[in-house]
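Notes follow the structure.
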Amino acid sequence: MKKILITGGAGFIGSHVVRRMVTRYPEYQIFNLDALTYAGNLENISDIEKASNYSFVKGDITDAHFIQNLFIEHQFDGVIHLAAESHVDRSITDPLAFVRTNVMGTMTLLNAAKMIWNGNYEGKRFYHVSTDEVYGSLGQTGFFTETTAYDPNSPYSASKASSDHFVRAYGETYGLPYVITNCSNNYGPNHFPEKLIPLCINNIIEKKPLPIYGDGKYTRDWLYVIDHAIAIDLVFHEGKNHETYNIGGFNEWQNIDLVRLLCQIMDRKLGRAAGESAALITFVKDRPGHDLRYAIDASKINSELGWKPSVTFEEGLEQTVDWFLQNTAWLHNVTSGNYQKYYEQQYQ
């Protein structure tokens with residue numbers, strides 16, 4: 001029985017990866033390590049928490065002694081590392097928190113894997129999940145490829161770029177078997193409502209303003225989170241060691257166009273008059289170092305591993321809205337308490 005450690009498995013993307021691995025591979029023992037900070041929510045994976053091949057471990061990836069003992073106790077065969085501070089706005093407010101988690105946390109995991117595996121790398125793999133933001137900003141044309149030079153512009157993207165470099169360095173220096181993926185913006189069920197789509201869904205329900213940075217023309221490539229989990233599964237099992245794969249949704253949307261589409265969907269599903277939700281759109285002061293455009297060339301993972309998105313953005317957005325409207329109790333739970341204070345600090 002293979003033992004796989006998934007870090008950040010109570011978070012947005014991590015919970016979908018944990019669910020897929022637990023249900024798809026009953027012969028594996030899946031260990032979900034999460035510190036349960038503000039975005040970590042065990043409700044995200046309550047449906048599989050009693051599975052015989054699943055274990056939850058509460059802990060901090062920056063605690064070197066704890067991580068080392070965890071590796072010694074369980075002798076993991078693989079690591080899928082998703083745990084990270086991931087919100088650009090928060091990184092501007094508290095950049096050192098991003099260095100601690102994203103850089104030092106990754107280093108702690110790498111050191112533990114190197115020590116426990118001790119050069120015996122047969123059947124072992126360290127999978128590091130990263131972001132397209134490490135590449136910086138694109139102009140009106142072009143795409144990020146796996147060989148695009150790194151050019152991070154925010155403390156968040158700089159911390160992820162640093163962790164990517166350390167993973168590669170451990171591969172080159174110590175022979176550690178690794179794969180890295182850099183993904184575009186994810187959306188879908190269980191998305192914590194500080195990011196654009198779930199924030200707007202929640203605010204439309206509550207008839208609150210929809211804060212849009214600058215002129216709203218910032219462009220992102222959107223990836224349905226379940227498609228991302230499928231890609232992670234594929235790369236973990238079939239990707240080549242010491243390779244990077246870009247994962248994108250093959251679609252780009254300006255923020256303002258995306259929000260207007262979301263408003264139309266919400267008006268229809270909530271039985272509101274056409275244009276009622278769009279009237280909530282409010283342009284707010286732009287954030288520092290805001291990247292103009294991200295767009296991923298995902299042809300490598302398509303040609304080598306056969307992956308491509310299973311839904312269009314419009315289909316995925318419809319499914320996302322349906323999930324949030326059917327899970328209002330979950331939404332209420334994660335938008336109470338400290339998150340409200342953070343929202344007021346950032347947007348009001």
Side-chain angles (χ1 to χ4, degrees), residues 8-20 32 34-49 56 82 84-90 185-213 220 222-229 253 255 258-273 276-282 284 311 313-348:
F12 170 44
I13 301 172
S15 63
H16 289 278
V17 175
V18 166
R19 179 178 296 104
R20 181 172 179 85
N32 173 11
D34 200 293
L36 296 183
T37 55
Y38 76 96
N41 183 359
L42 289 176
E43 289 183 349
N44 292 346
I45 41 175
S46 59
D47 56 314
I48 54 95
E49 63 186 359
F56 173 73
L82 294 117
E85 294 281 355
S86 64
H87 192 33
V88 173
D89 291 356
R90 288 181 182 268
N185 282 31
N186 281 225
Y187 71 98
N190 302 106
H191 203 175
F192 190 80
E194 66 182 354
K195 303 293 180 73
L196 179 63
I197 290 176
L199 172 67
C200 286
I201 290 173
N202 184 59
N203 283 17
I204 289 170
I205 292 172
E206 300 292 334
K207 296 186 177 181
K208 294 179 179 179
L210 309 179
I212 307 297
Y213 281 128
R220 300 294 182 261
W222 291 91
L223 172 64
Y224 193 46
V225 67
I226 295 173
D227 281 335
H228 189 193
W253 285 77
N255 287 347
L258 183 159
V259 172
R260 285 171 178 156
L261 173 62
L262 182 59
C263 287
Q264 293 173 14
I265 295 172
M266 293 291 288
D267 282 343
R268 171 164 46 84
K269 292 185 179 293
L270 293 172
R272 295 179 181 175
E276 184 174 342
S277 296
L280 299 170
I281 293 174
T282 304
V284 298
V311 296
F313 180 69
E314 291 84 352
E315 292 169 339
L317 195 59
E318 289 265 356
Q319 294 175 23
T320 300
V321 169
D322 287 342
W323 185 89
F324 275 93
L325 293 179
Q326 293 163 10
N327 290 271
T328 53
W330 180 94
L331 187 58
H332 172 75
N333 288 343
V334 300
T335 53
S336 58
N338 290 334
Y339 178 72
Q340 290 295 339
K341 296 176 183 178
Y342 169 74
Y343 175 86
E344 292 168 4
Q345 176 186 348
Q346 292 293 336
Y347 297 116
Q348 294 186 358

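Because the structure is a prediction, the values reported are computed rather than measured. For reference, positions follow the sequence shown, starting with 1.
Checked against salt bridge (charged side-chain N to carboxylate O under 4.0 Å, His left out), K269 has the following partners two or more places apart in sequence or in another chain: E318, D322. Under the ring-ring contact (aromatic ring centres under 6.0 Å, His included) criterion, Y224 pairs with Y187, sequence neighbours left out. Residues that satisfy the salt bridge (charged side-chain N to carboxylate O under 4.0 Å, His left out) test with R272, not counting sequence neighbours, are absent from this structure. In this structure, the salt bridge (charged side-chain N to carboxylate O under 4.0 Å, His left out) partners of R19, at least two apart in sequence or on a different chain, are D47. Contacts of I205 classified as side chain to side chain contact (heavy atoms under 4.5 Å, CB included), with partners at least two apart in sequence or in another chain: I201, M266, L325, L331. Residues passing the side chain to side chain contact (heavy atoms under 4.5 Å, CB included) test with A84, sequence neighbours excluded: N102, K160.
Proximity of I281 to R260: side-chain heavy atoms (C-beta onward) are separated by under 4.5 Å at one or more points. A heavy-atom distance below 4.5 Å is found between the side chains of L262 and V321. Residues C263 and E276 fail the side-chain proximity criterion, which asks for heavy atoms closer than 4.5 Å. A 4.5 Å side-chain heavy-atom check between L199 and E194 finds every atom pair outside the cut-off. Within the 4.5 Å cutoff, the side chain of C200 has heavy atoms near those of the V259 side chain. At a threshold of 4.5 Å between non-hydrogen side-chain atoms, the residues I45 and F56 do not count as touching. N185 places none of its side-chain heavy atoms less than 4.5 Å from the side chain of L223. The closest side-chain heavy-atom distance from I212 to L196 is below 4.5 Å.
In this structure, CD on E206 lies 9.5 Å from NE2 on H332, to the nearest 0.5 angstrom.
The backbone N or O of G9 sits less than 3.5 Å from a side-chain atom of N32, completing a donor-acceptor pair. In this structure, the side chain of D267 engages the main chain of S277 through a donor-acceptor pair within 3.5 Å. With hydrogens and angles ignored, the 3.5 Å screen pairs a side-chain donor or acceptor of T282 with a backbone N or O of L280. Between the side chain of N327 and the backbone N or O of W323 there is at least one donor-acceptor pair closer than 3.5 Å.
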Report task. Test N41 against L36 for side-chain contact (heavy atoms from CB on, under 4.5 Å), laying out the working first. Result -> CA-CA 6 Å; N41 183 359; L36 296 183; over 6 Å; no
Report task. Under the side-chain contact (heavy atoms from CB on, under 4.5 Å) rule, what do V18 and N44 come out as? Steps first, then yes or no, please. Result -> CA-CA 10 Å; V18 166; N44 292 346; over 6 Å; no
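Among the candidates F324, F12, W222, the single residue satisfying the ring-ring contact (aromatic ring centres under 6.0 Å, His included) test with H191 is F12.
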